Amino acid sequence: MAHEPTTKRSARVLGGAFVAATFALATAPVHADPAPPAPPRACVAIRAEARYGAAGYNHVVVLANACAQDEACTVTTDVNPEPQRVLVPARASTEVVTFLGSPARVFVPKAVCAPIKK
């Protein structure tokens, strides 16, 4: 029985491995992108206010709740990503100070709110 040269044997093994890897990739399940986050509740409006103080601008996020029930909101901004949790009573407004003495006058607020079940 004649021996195959090592290079031909290696090429055959590598070729077989390539075919197996290609098959594994082609048959792997495709996962859809995760669902986008739920849109903010339409009855809670948010707005950003930069109020000038002695050391710079104070960043204030104003939450106005037009919902019939209290809302629990988590507030962040592009300047201060540390989440702050706040309760916004039904048909009322609440202010959250997110940064004191900022040199930036402009910031982008974000709030995620959910109704409080009683």
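Keep in mind that the numbers below use all heavy atoms, side chains included, and drop hydrogens, waters and symmetry copies. Just so it is clear, the model here is predicted, and its values are computed rather than measured. One-based numbering along the sequence shown.
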Indicate the atoms forming the closest heavy-atom contact of T74 with R85, along with that distance.
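Minimum heavy-atom contact is OG1-CG, 3.8 Å.
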Where T76 and P83 come nearest, the two heavy atoms and their spacing
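Reported closest heavy-atom pair: CG2-CA, 3.6 Å.
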After noting the C-alpha distance and the side-chain angles of S93 and V88, does the key distance pass the side-chain contact (heavy atoms from CB on, under 4.5 Å) rule?
CA-CA 7 Å; S93 295; V88 186; over 6 Å; no
Hydrophobic cluster membership, with links at side-chain heavy-atom distances under 4.5 Å among I/L/V/M/F/W/Y: are V79 and V75 in one?
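In one cluster with V79: V75, yes.
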Roughly how far, to the nearest 0.5 Å, is SG of C43 from CD of E71?
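The distance works out to 5.0 Å.
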What's the spacing between C73 SG and I46 CD1 if we round to 0.5 Å?
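With rounding to 0.5 Å, SG (C73) is 9.0 Å from CD1 (I46).
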Between N65 (side chain) and P89 (backbone), is there a donor-acceptor pair under 3.5 Å?
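Yes; at least one donor-acceptor contact below 3.5 Å.
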Report, one line per pair, each donor and acceptor closer than 3.5 Å where one atom sits in a side chain of residues 95-111; sequence neighbours left out.
| from | atom 1 | to | atom 2 | distance (Å) |
| --- | --- | --- | --- | --- |
| E95 | OE1 | R51 | NH1 | 3.2 |
| E95 | OE1 | R51 | NH2 | 3.4 |
| E95 | OE2 | R51 | NH2 | 2.8 |
| T98 | OG1 | H59 | O | 3.4 |
| S102 | OG | H59 | NE2 | 3.4 |
| S102 | OG | A104 | N | 3.0 |
| S102 | OG | A104 | O | 3.4 |

Using side-chain heavy atoms (C-beta onward) and a distance below 4.5 Å, is [X] in contact with [Y]?
X: D70; Y: L87; answer: yes
X: E49; Y: V62; answer: yes
X: V86; Y: L63; answer: yes

